[in-house]
Amino acid sequence: MSNNTGTWNHSRNGTTKSSLNKTLNSSINSNPRSSLSSSSSFKSNKSSSSSLRRSSPASLSSAKNDAAVLGRVRVAVRLRPKNTEELVADADFADCVEVQPELKRLKLRKNNWDSDTYEFDEVLTEFASQKRVYEVVAKPVVESVLDGYNGTIMAYGQTGTGKTYTLGQLGEEDTAGRGIMVRAMEDILAGIRLDTDTVLISYFQLYMETIQDLLNPSNDNISIMEDPKSGDVSLPGASCVEIKDQKSFLELLRLGEAHRFAANTKMNTESSRSHAILMVHVRRSVKEKDSSLPSENGNSSHVKILKPPVVRKGKLVVVDLAGSERIDKSGSDGHALEEAKSINLSLSALGKCINALAENSAHVPVRDSKLTRLLRDSFGGTARTSLVVTIGPSTRHRGETASTIMFGQRAMKVENMLKIKEEFDYKSLSRKLDIQLDKLMAESERLQKAFQDRIDEIDTEAQNRVSDAERKYADALEKERQKYQKDYMEAVKKLEEQWAINQRKQSNEASTSGAKHDLSDKSSTREVPAAEELAEVKRLLQNEKLLKKAAEQEAANLKTQLVQSKKQEAAANSEMLKLHQMLKDEAYQREKLEREIAMLQGQLLQLSFEADESRERLDNRTSEVHVDVDTQVSQVRPQIDDAGNEDKSSIAKLFEQVGLQKILSLLEADDADIRIHAVKVVANLAAEETNQEKIVEAGGLTSLLNLLRSSEDETIHRVAAGAIANLAMNETNQELIMAQGGVGLLSVTATNAEDPQTLRMIAGAVANLCGNDKLQAKLRGEGGIKALLGMVRFGHPDVLAQVARGIANFAKCESRASSQGYRTGRSLLIQDGALPWIVQNANNEASSIRRHIELALCHLAQHEANATDMISGGALWELVRISRDCSRDDIRSLARRTLASSPTFLSELKRLNVDH
């Protein structure tokens with residue numbers, strides 16, 4: 001830079017001069033970072049010399065206030081210190097700028113007595129350090145990018161005011177001088193995990209309306225691609241390099257700076273002649289808790305249902321704009337003059353877009369320049385945007401300073417709709433499921449082996465116990481038998497001995513019986529004891545026999561008990577075998593159910609994923625021919641049919657393998673992801689007319705309405721409303737939807753919806769119901785018309801097209817009823833206040849909206865009872881315009897016939913001297 005650029009003088013390789021080091025050191029020592037408090041958000045009013053802005057702007061470092069402001073663009077102003085030339089030339093003049101950082105105000109002097117006061121989100125003095133600038137301007141944006149949002153950081157200002165120093169300073173000699181690019185990458189690398197997350201960068205410049213790759217100079221004409229559905233801008237031809245560490249990032253920045261165009265002007269010795277843009281794509285994986293699979297008895301088993309990992313994709317765009325300059329001050333000529341013209345034209349186009357967005361203009365000229373196309377998401381899009389405007393203190397450049405300040409003021413009025421970018425990582429889920437399957441198989445084998453070992457152990461123990469019982473019974477029986485046999489033998493032996501003794505006595509007495517006669521009486525007395533003794537012996541023998549019989553009976557009883565014990569053992573073994581077989585069967589059934597559940601979940605995930613892809617292809621192809629449907633429908637129909645073949649084969653396969661009842665039962669699953677995928681499959685099935693009757697008969701319509709009633713998930717609401725819209729194309733289904741309170745549920749869902757795509761689906765369903773003559777009074781009575789009008793609050797063109805279609809259908813039915821004599825009063829649409837919106841959008845830029853509105857006006861005008869309201873509401877002029885300028889012959893002819901057939905309209909046109 002020349003002496004005109006102040007103490008922020010730096011070369012393209014990132015080195016700084018000694019004056020910069022002194023300024024930065026003094027700012028660090030004298031101005032330590034203070035904590036910033038959040039303040040209420042505000043919308044800027046036009047500044048004037050007589051009135052001070054009475055708003056309290058929100059701090060750039062407060063990220064929690066975004067929900068209240070819907071992501072308003074944050075603007076900070078940074079004052080450059082005086083350079084050597086300004087210190088000499090402006091020694092006798094006061095600075096044109098006075099900053100009040102504690103009040104976040106800036107005063108721009110008109111003269112010595114009067115000044116204009118402006119408020120910004122942050123006011124940075126010439127002593128503010130690079131670290132403080134990063135923390136209040138860029139750090140909240142970087143944190144949002146790590147959370148999955150898009151973010152933009154941009155520097156705008158006159159040439160030589162320090163934009164490149166603020167953003168791109170490398171800080172190789174003095175780390176305190178590092179710019180926003182370097183510090184942002186440090187925080188990004190610190191906030192990710194290198195093993196699972198990725199960071200990709202692209203670095204390019206916009207030079208004279210051509211996009212050139214700073215990392216690959218041979219790629220010098222990169223084209224811009226826009227997603228027709230989401231509007232996202234991408235550069236598929238630009239180099240995309242993965243970053244693993246800060247060192248490699250710094251090397252890429254040096255390489256890019258070396259290839260950037262710069263020139264020597266009177267304002268700046270090294271003035272940037274191109275807009276440099278750094279794009280950082282951050283892909284982060286977010287872990288979510290897994291849920292358990294409930295068993296039949298209600299308890300949670302050890303099997304976990306793994307949810308697909310969520311991947312958040314954020315994009316950070318850092319824009320170093322080339323400085324605006326006046327030719328008479330910069331002295332540019334020749335090729336440098338052409339460069340200056342191109343720079344000023346692109347900056348002028350950017351200013352026009354900012355003005356249009358700040359004033360809520362219906363048309364924003366984003367296509368006037370490639371710069372505005374690249375920044376489409378940054379202003380009025382979905383990105384969190386921070387803008388730092390750089391100014392100088394010199395009075396000689398007061399005009400450029402005032403222009404820069406006003407640019408920042410207008411940018412503060414722009415509001416963005418922040419949206420998180422996240423999706424499911426199905427590949428990672430597949431790997432986790434494979435690992436879980438291996439673990440479950442190993443666990444099953446281990447449990448099976450442990451079960452078999454336990455069965456063998458019980459069997460062995462039972463056999464040992466039976467053997468012991470048999471041995472004990474046998475031993476006891478043998479002991480008893482031996483005892484009784486011994487007693488028996490002893491008793492027999494005693495009896496034999498006694499009998500022998502008695503025999504000897506009797507033989508001796510018989511031999512001596514004749515010896516002496518006087519001894520006969522004595523012998524007679526001895527025979528009596530012998531007879532008694534014999535009787536005693538017989539009695540004892542009888543007792544022994546009874547004892548032996550009792551012993552034999554007891555032995556028989558023991559044998560019987562042993563047989564019964566063996567039978568019981570056999571019965572126990574049989575029962576154990578049955579239990580073992582039952583356990584095996586139960587384990588098999590459990591495995592079978594787990595495999596079936598896993599298969600169903602896999603099929604459901606795959607089919608919903610394929611259905612989403614097919615729907616996106618169909619939407620993209622349909623949007624290409626949406627402008628002129630009537631003339632090109634015959635050419636587009638074969639393409640749509642070919643694109644839908646894959647969906648039809650998937651749906652047929654789903655019917656064969658799973659069945660409609662199982663799919664509908666998954667709509668009531670506890671797992672939210674399963675419900676989402678199930679309702680997506682039902683929505684795709686409902687898109688086929690042949691499936692609609694089956695879905696309604698199986699209770700699918702009731703299940704979809706219950707989802708709207710019970711679920712709070714926006715995705716479920718969107719897909720369920722789309723399925724109901726498909727079913728509502730059938731007249732019989734329309735009556736069922738009305739009978740089950742469908743319009744009321746759709747109205748409540750629309751009131752709570754935040755996603756325009758959800759509103760589009762709901763509006764499509766209500767629009768289909770509006771085409772039924774029999775349901776008009778009930779539809780209006782349940783709030784259907786007011787719900788349609790309430791959905792225009794987002795202003796999304798897809799939603800507006802469906803609302804316009806519904807109003808056209810309703811007006812057509814009313815017109816038909818009026819012509820048949822069924823209706824005589826004013827239109828229900830006019831009674832519900834739809835006419836102002838119809839008139840306002842009658843000449844809408846979108847052909848799909850305009851065509852339906854024009855038809856609705858023609859149908860309303862055919863009923864004479866509506867003529868007075870239409871004249872007072874301005875609809876007559878729109879009918880005249882349609883009859884003259886409408887691009888479609890049929891609508892133009894209908895408008896002419898309607899005007900010619902209405903006495904009230906003809907009278908009013910005659911009074912106004914208008915030739916229709």
Side-chain angles (χ1 to χ4, degrees), residues 704-705 708-709 714 717-718 720-722 724-725 728 734-818 823 825-842 844 848-849 852-857 859-861 863 865-866 868-870 872-875 878:
L704 291 170
L705 293 174
L708 291 183
R709 183 182 293 107
E714 184 86 357
H717 287 173
R718 181 176 67 255
I724 294 171
Q734 291 172 357
E735 296 177 359
L736 290 175
I737 292 172
M738 294 295 297
Q740 297 184 30
V743 172
L745 288 174
L746 291 170
S747 301
V748 173
T749 306
T751 303
N752 299 327
E754 297 293 339
D755 185 7
Q757 295 306 318
T758 303
L759 290 175
R760 179 173 71 89
M761 297 298 182
I762 297 173
V766 178
N768 290 338
L769 295 174
C770 287
N772 193 319
D773 296 340
K774 305 175 185 177
L775 305 177
Q776 287 212 314
K778 188 173 183 181
L779 180 69
R780 188 244 185 170
E782 295 185 7
I785 302 302
K786 292 186 177 179
L788 271 180
L789 296 176
M791 283 183 253
V792 303
R793 65 183 186 275
F794 275 102
H796 195 281
D798 292 342
V799 180
L800 296 182
Q802 294 299 326
V803 173
R805 183 171 70 88
I807 290 176
N809 288 343
F810 199 94
K812 182 178 180 181
C813 290
E814 282 193 327
S815 174
R816 187 160 50 236
S818 175
R823 181 167 186 83
R826 294 165 60 222
S827 167
L828 297 178
L829 289 173
I830 295 178
Q831 293 180 33
D832 277 1
L835 186 59
W837 185 84
I838 294 174
V839 174
Q840 181 183 357
N841 289 271
N844 196 289
S848 59
I849 301 174
H852 291 304
I853 293 299
E854 289 173 347
L855 283 172
L857 280 172
H859 289 310
L860 287 173
H863 189 25
N866 300 329
T868 303
D869 291 312
M870 295 185 70
S872 62
E878 293 299 332

Which heavy atom of [X] sits nearest a heavy atom of [Y], and at what distance?
X	Y	value
Leu800	Gly795	CD1-O, 3.9 Å
Asp869	Ser872	O-OG, 3.0 Å
Ala767	Asn809	O-ND2, 3.1 Å
Ile849	Pro797	CD1-O, 3.8 Å
Ala856	Ala808	CB-CA, 3.9 Å
Gly790	Arg793	O-NH1, 3.2 Å

Could you tell me if the side chain of [Y] sits less than 4.5 Å from the side chain of [X], heavy atoms only?
X	Y	answer
Ile838	Ile807	yes
Glu714	Thr758	yes
Gln734	Lys774	no
Val799	Val792	no
Phe810	Val766	no
Thr868	Arg826	no

Quiz item: Does the side-chain contact (heavy atoms from CB on, under 4.5 Å) test come out yes or no for Leu769 and Ile737, once each step is laid out?
Solution: CA-CA 9 Å; Leu769 295 174; Ile737 292 172; 4.2 Å; yes

Quiz item: Between Glu878 (side chain) and Leu857 (backbone), is there a donor-acceptor pair under 3.5 Å?
Solution: no

Self-check item: Side chain Asp832, main chain Ala834, donor-acceptor under 3.5 Å
Solution: no

Ignoring hydrogens and angles, write down the donor-acceptor pairs under 3.5 Å from the side chains of residues 739-746, residues two or more places apart or on other chains.
{"unit_1": "Gln740", "atom_1": "OE1", "unit_2": "Thr702", "atom_2": "OG1", "d": "3.2"}

Exercise. Kindly write out the residues that satisfy side chain to side chain contact (heavy atoms under 4.5 Å, CB included) with Thr749, not counting sequence neighbours, or none if the list is empty.
Key: Leu708, His717, Ile762

Spacing of [atom1] belonging to [X] relative to [atom2] belonging to [Y], to within rounding of 0.5 Å:
X	Y	atom1	atom2	answer
Ile785	Leu779	CD1	CG	5.0 Å
Ser815	Leu855	OG	CG	11.0 Å
Leu789	Met791	CG	CE	9.0 Å

Quiz item: Where do Cys770 and Leu788 land on the side-chain contact (heavy atoms from CB on, under 4.5 Å) test, with the steps shown first?
Solution: CA-CA 10 Å; Cys770 287; Leu788 271 180; 4.0 Å; yes

Quiz item: Taking only residues at least two apart or on different chains, which pairs with a member in residues 794-808 satisfy side chain to side chain donor-acceptor pair (under 3.5 Å)?
Solution: Asn768-Arg805, Gln802-Arg805

